[in-house]
Q: 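To start, I am sharing the structure in question, which I have written as structure tokens.
To find a chain, count down the sequence lines: A is the first, B the second, and so on, and within it residues start at 1. If you're wondering where the values come from, they're calculated on a predicted model, not measured in any experiment.
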There are 2 protein chains.
Amino acid sequence: MALNSDSPAVPTLLREINERRVLDVLRINGALHAAEIARLVGLSKPTTAALLRGLIDVGLVDEDRPGDLDSKRARSVYSAATKIGISLAIDIGARYLRAATADINGVQLSEVSVAVDEMNLKQLLASLNAAVDRALSDAASLHEDIVSIVIGTPGVVDKRTGQIAIAGTIGDLDGIQLGEVISREFGVEPHLENDINLVAIAELEKGLGRGVLDFAVLSIGTGLGAGLVLNGKLHRGHRGAAGEVFYVPFGDPFDPHHSSTNPAGGGLTELAEQLASTSVASELKKPYTTVSILDAARRGDEFARMVVEHEAERISLYVASISAVVDVELVILAGGIGRQADVLLNPVRKMVEQLLPFPPRVEGTSLGESAVLVGALQLATRKSQEIIFRERSSAIDNDFVTVDR
Amino acid sequence: MALNSDSPAVPTLLREINERRVLDVLRINGALHAAEIARLVGLSKPTTAALLRGLIDVGLVDEDRPGDLDSKRARSVYSAATKIGISLAIDIGARYLRAATADINGVQLSEVSVAVDEMNLKQLLASLNAAVDRALSDAASLHEDIVSIVIGTPGVVDKRTGQIAIAGTIGDLDGIQLGEVISREFGVEPHLENDINLVAIAELEKGLGRGVLDFAVLSIGTGLGAGLVLNGKLHRGHRGAAGEVFYVPFGDPFDPHHSSTNPAGGGLTELAEQLASTSVASELKKPYTTVSILDAARRGDEFARMVVEHEAERISLYVASISAVVDVELVILAGGIGRQADVLLNPVRKMVEQLLPFPPRVEGTSLGESAVLVGALQLATRKSQEIIFRERSSAIDNDFVTVDR
DNA sequence: GCCGTTGTGTTAGGAAACCTACCGAATTGA
DNA sequence: TCAATTCGGTAGGTTTCCTAACACAACGGC
């Protein structure tokens with residue numbers, strides 16, 4: 001039973017709340033005339049008109065007099081300003097480096113993808129700079145326009161220090177170094193975030209997670225990990241390690257690789273090697289690869305189907321663990337293997353239903369390879385909007401002191 | 001990007017926020033004079049005085065003129081009203097039935113505990129009625145004074161239907177029936193809640209979870225289950241089944257009893273039976289009981305220590321699962337076995353640190369047998385406060401309509 | 001093609017919430 | 001004892017919202 005907020009409610013708080021509402025309405029609905037805004041926001045016309053004047057004064061809203069381009073009796077239409085800063089998203093993957101930009105309203109302006117291949121930090125940063133420069137020029141923007149930056153990366157990002165731990169997939173990547181370099185380069189402190197968490201945000205905003213209060217994204221690819229959305233918000237955990245389901249101690253708890261149950265990494269091919277001795281007919285030949293196995297399974301190859309069945313069992317264990325602990329409505333499979341959901345989905349569903357009395361829905365991701373980028377852009381947009389709003393609205397009234405009270 | 005609230009901000013919203021702040025301040029700090037309240041709330045003296053007058057008018061605040069009983073220059077002291085309704089908490093356990101009451105500010109007024117023993121629903125309800133009646137008379141209160149009721153029970157309580165599923169420990173308990181009976185009896189719709197969730201709330205408010213944003217209570221006793229507090233709030237999950245860690249598929253995933261890893265129920269004695277063949281010296285004799293094993297371990301009996309060590313390993317698996325999925329800062333052991341944390345704590349900590357790169361702190365509960373009741377009372381108090389506040393504050397201004405806008 | 005209806009945006013007047021400043025009364029402390 | 005402090009209260013003013021009324025433009029039925 002603590003106080004909900006530090007400061008008490010004063011009249012200017014009302015203005016702030018209502019200004020935010022007006023901006024939200026404009027960002028959701030696009031250009032509108034004043035009376036329509038008043039109805040959607042729920043305020044009277046005079047008040048709405050005053051709000052709009054204030055927002056126009058600080059440059060957060062644009063007014064257009066379209067001759068009579070627009071409909072009916074409207075004299076002016078209003079829209080959320082666009083050219084007041086951009087957000088930058090960067091995805092540092094194991095095989096690709098991607099960058100994207102969006103305007104202050106979250107509309108994507110550009111996207112750049114560069115293949116990377118075993119490079120050191122110096123080379124990585126050079127590629128990164130090139131990619132960002134291209135993303136900026138494609139968006140007709142400059143370094144100074146960047147309001148916020150979100151970087152997606154494998155590994156656990158510590159909330160306080162920004163340090164990246166248990167990265168694994170990218171050799172000598174260090175969160176502090178990276179943060180400092182970016183910060184120096186762009187004059188903006190970047191926000192580092194675990195890549196799978198960003199996929200979860202992407203699913204929440206633009207994917208299968210829309211409107212779902214509790215769901216998880218289980219990513220099976222180079223590594224194994226999950227992103228959790230609980231009560232409609234990303235759950236990072238105490239040190240940002242939520243969703244590190246690799247550490248659920250199945251099988252021999254002291255095997256550091258959890259090889260008997262890990263469906264990620266080389267899990268699928270290892271499984272095939274192990275099962276090769278069972279003399280089931282197959283057109284598959286060694287060396288097995290993830291792709292060849294999945295393709296054979298799609299063609300109906302008996303041995304490949306058996307391997308996939310086993311893989312599905314392993315995946316189910318992790319789906320079940322997540323759901324047993326947090327009871328999600330939906331689990332979305334993603335990542336290199338998770339994206340091949342067509343052959344995995346049904347066996348996983350069947351198994352999960354046997355394991356749990358309250359099984360979640362299980363689906364394959366509806367987002368493509370740039371899911372991390374989409375999530376990062378989403379997060380960066382929210383940050384930018386908050387920064388710009390604070391900046392502009394405080395510019396109006398920052399001059400009075402209190403004495404008595 | 002949706003609107004944060006349905007209605008826009010109007011001046012009366014300020015009043016409501018500030019009224020709540022004043023009440024909060026009084027409930028936290030006890031009786032205060034007006035100037036002190038103004039300082040704590042952060043509002044000016046005239047505004048605070050007006051707020052207090054309003055709250056006194058509707059009976060939410062009491063004004064006392066203590067002659068000069070109280071200190072200094074204060075003419076009046078103000079305190080949150082107490083005699084405006086009570087909250088009722090009921091704990092339906094496997095072996096005990098408990099009831100407790102608190103005033104509107106959460107101050108406990110009475111507590112009653114009754115042993116129950118294999119009874120049918122009819123007998124259970126009779127005992128329940130008797131216990132509640134005693135709790136009420138001990139609190140010098142009447143049925144009509146009850147504002148809200150929270151009932152703790154084993155099993156998963158569905159948010160929407162109130163139905164109880166997978167109860168197990170209590171034979172023919174049915175949430176709908178129970179809710180209906182209570183509702184008819186007291187004229188108040190009771191809120192049913194999983195008992196371990198209530199322990200988590202108790203730890204959050206009065207136990208080791210105070211100030212901890214992310215923690216779990218792992219209850220090991222008749223059954224196995226966990227309560228999760230994430231981001232400072234109880235996490236119930238999509239169907240209220242969050243924390244049902246019994247279903248994490250360790251060992252043979254198709255063993256419905258998960259007997260190879262379950263530390264709860266008869267887990268400890270079973271473990272002892274299994275290990276009896278290992279010829280380790282022991283003063284323990286069959287039949288083993290949970291109590292005799294734990295006592296022997298405390299005395300240093302080698303065999304008993306080995307059994308406890310194994311039990312600790314099993315517990316660690318569940319601690320690790322929870323932490324791998326949601327990354328909690330702290331796991332609190334509770335329940336019949338969990339309360340015997342003295343002998344379990346160190347081996348569990350050691351094991352958990354081997355299993356996880358980010359191990360949580362592990363502690364034994366600091367709350368006694370009435371933890372469920374404490375949590376239920378907490379929840380009921382919050383509900384009562386909200387109900388009474390709504391009732392009283394809407395009594396003032398519920399008479400005007402809008403036309404133009 | 002005219003004129004009533006409808007909808008937009010503005011002005012005027014007022015209500016509700018907050019604030020600062022000041023003042024008298026009571027207590028405290030030098 | 002008397003100055004300083006603190007309390008509760010009043011007066012006057014600001015910010016924010018509201019309803020009501022009105023001018024003006026567009027639409028549509030006749």
Q: Given atom CG of B/Leu51 and atom P of C/dA17, what is their separation to the nearest angstrom?
A: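 Atom-to-atom, B/Leu51 to C/dA17, this comes out as 9 Å.
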Q: Expressed in angstrom and rounded to an integer, what is the separation of B/Leu55 atom CG from C/dA17 atom P?
A: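 In whole Å, C/dA17 P and B/Leu55 CG are 12 Å from each other.
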Q: Kindly indicate whether the side chain of A/Ile84, heavy atoms from C-beta on, has any atom under 4.5 Å from the side chain of A/Arg392.
A: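 Yes, at least one pair of side-chain atoms sits under 4.5 Å.
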Q: Between B/Thr47 and C/dA17, is there a contact of a side-chain N or O with OP1 or OP2 at under 4.0 Å?
A: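 Answer is no, no contact under 4.0 Å.
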Q: If we fit an axis to the first five pairs and another to the last five of the helix from C/dG1-D/dC30 to C/dA30-D/dT1, what angle do they make, to the nearest 10°?
A: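 For the helix from C/dG1-D/dC30 to C/dA30-D/dT1, the axes at opposite ends meet at about 10°.
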Q: Identify, with sequence neighbours excluded, every residue that meets side-chain contact (heavy atoms from CB on, under 4.5 Å) alongside B/Asp62.
A: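 Here the qualifying residues are B/Ser79, B/Ala81.
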Q: Of the nucleotides D/dT16, C/dG9, C/dT10, which has the atom closest to the A/Ala49 side chain?
A: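 Out of D/dT16, C/dG9, C/dT10, the nucleotide with an atom closest to A/Ala49's side chain is C/dT10.
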Q: I need the CZ-P distance between A/Arg21 and D/dC17, as an integer number of Å.
A: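 Result: 12 Å.
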Q: Rounding to a whole Å, what distance do you find between B/Leu52:CG and C/dA17:C1'?
A: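 Value for this atom pair: 16 Å.
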Q: Give, for atom CD of B/Glu36 and atom OG1 of B/Thr48, the distance between the pair rounded to the nearest 0.5 Å.
A: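 It comes to 11.5 Å.
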Q: In Å, rounded to the nearest 0.5 Å, how long is the span from OG of B/Ser87 to CD of B/Gln108?
A: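 Rounded to the nearest 0.5 Å, the OG-CD separation comes out at 11.0 Å.
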Q: Does B/Arg39 make a side-chain N or O approach to OP1 or OP2 of D/dT6 shorter than 4.0 Å?
A: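 No, outside the criterion.
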Q: Closer than 4.0 Å, any side-chain N/O of B/Asn18 to the OP1 or OP2 of C/dA17?
A: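 No, because none of the side-chain N or O atoms of B/Asn18 sits under 4.0 Å from OP1 or OP2 of C/dA17.
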Q: Would you call A/Glu386 and A/Lys383 a salt bridge, taking side-chain N to carboxylate O under 4.0 Å as the test?
A: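 A salt bridge is absent here (no side-chain N lies under 4.0 Å from a carboxylate O).
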Q: If you check the A/Thr12 side chain, which of C/dC19, C/dG9, D/dT15 turns out closest?
A: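 Ranking C/dC19, C/dG9, D/dT15 by closest atom to the A/Thr12 side chain puts D/dT15 first.
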Q: Please determine which of B/Leu109, B/Leu142, B/Val107, B/Thr381 meets the side-chain contact (heavy atoms from CB on, under 4.5 Å) test together with B/Ile86.
A: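 Testing B/Ile86 for a side-chain contact (heavy atoms from CB on, under 4.5 Å) against B/Leu109, B/Leu142, B/Val107, B/Thr381 leaves exactly one candidate, B/Leu109.
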Q: From CG of B/Leu43 over to P of D/dG8, roughly how many Å is that when rounded to an integer?
A: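 Checked: the CG to P distance equals 15 Å.
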Q: Mapping B/Arg15 and A/Arg53 onto DNA chain C by nearest heavy atom, which one lands closer to the 5' end?
A: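 Residue closer to the 5' terminus by nearest nucleotide: A/Arg53.
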Q: Looking at CG of A/Leu88 and CG of A/Asp145, how far apart are the two atoms once the value is rounded to the nearest 0.5 Å?
A: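 Output value for this atom pair is 11.5 Å.
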Q: What's A/Ala50 touching, base or sugar-phosphate or nothing? Going by heavy atoms closer than 4.0 Å.
A: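 Nothing, no nucleic acid heavy atom in range.
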Q: For the side chain of B/Val10, starting at C-beta, report the closest nucleotide among D/dG8, C/dC19, D/dC17.
A: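 The nucleotide sitting nearest to the side chain is D/dC17.
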Q: Using atom NZ of A/Lys45 as one end and atom C1' of C/dG9 as the other, report the distance to the nearest whole Å.
A: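 After rounding, the reported distance stands at 6 Å.
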Q: What is the separation between atom CG on B/Leu32 and atom P on D/dG8, rounded to the nearest whole Å?
A: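 B/Leu32 atom CG is separated from D/dG8 atom P by 11 Å.
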Q: For the residue pair A/Tyr78 and A/Leu26, what are the closest heavy atoms and their distance?
A: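 The answer is O-CD2, 3.5 Å.
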Q: Determine: side-chain N/O of A/Ser44 to OP1/OP2 of D/dC17, distance under 4.0 Å, yes or no.
A: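 Answer no for this pair, as no side-chain N or O of A/Ser44 is under 4.0 Å from OP1 or OP2.
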Q: Round to a whole Å and report the spacing from CG of B/Leu14 to C1' of C/dA15.
A: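 These atoms are roughly 14 Å apart.
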Q: Starting at the 5' end of DNA chain D, which residue's closest nucleotide do you reach first, B/Glu36 or B/Pro46?
A: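 Its nucleotide being nearer the 5' end, the pick is B/Glu36.
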Q: Name the closest nucleotide to the B/His33 side chain, picking from C/dT8, C/dC19, D/dG8.
A: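 Comparing C/dT8, C/dC19, D/dG8 against the side chain of B/His33, the answer is D/dG8.
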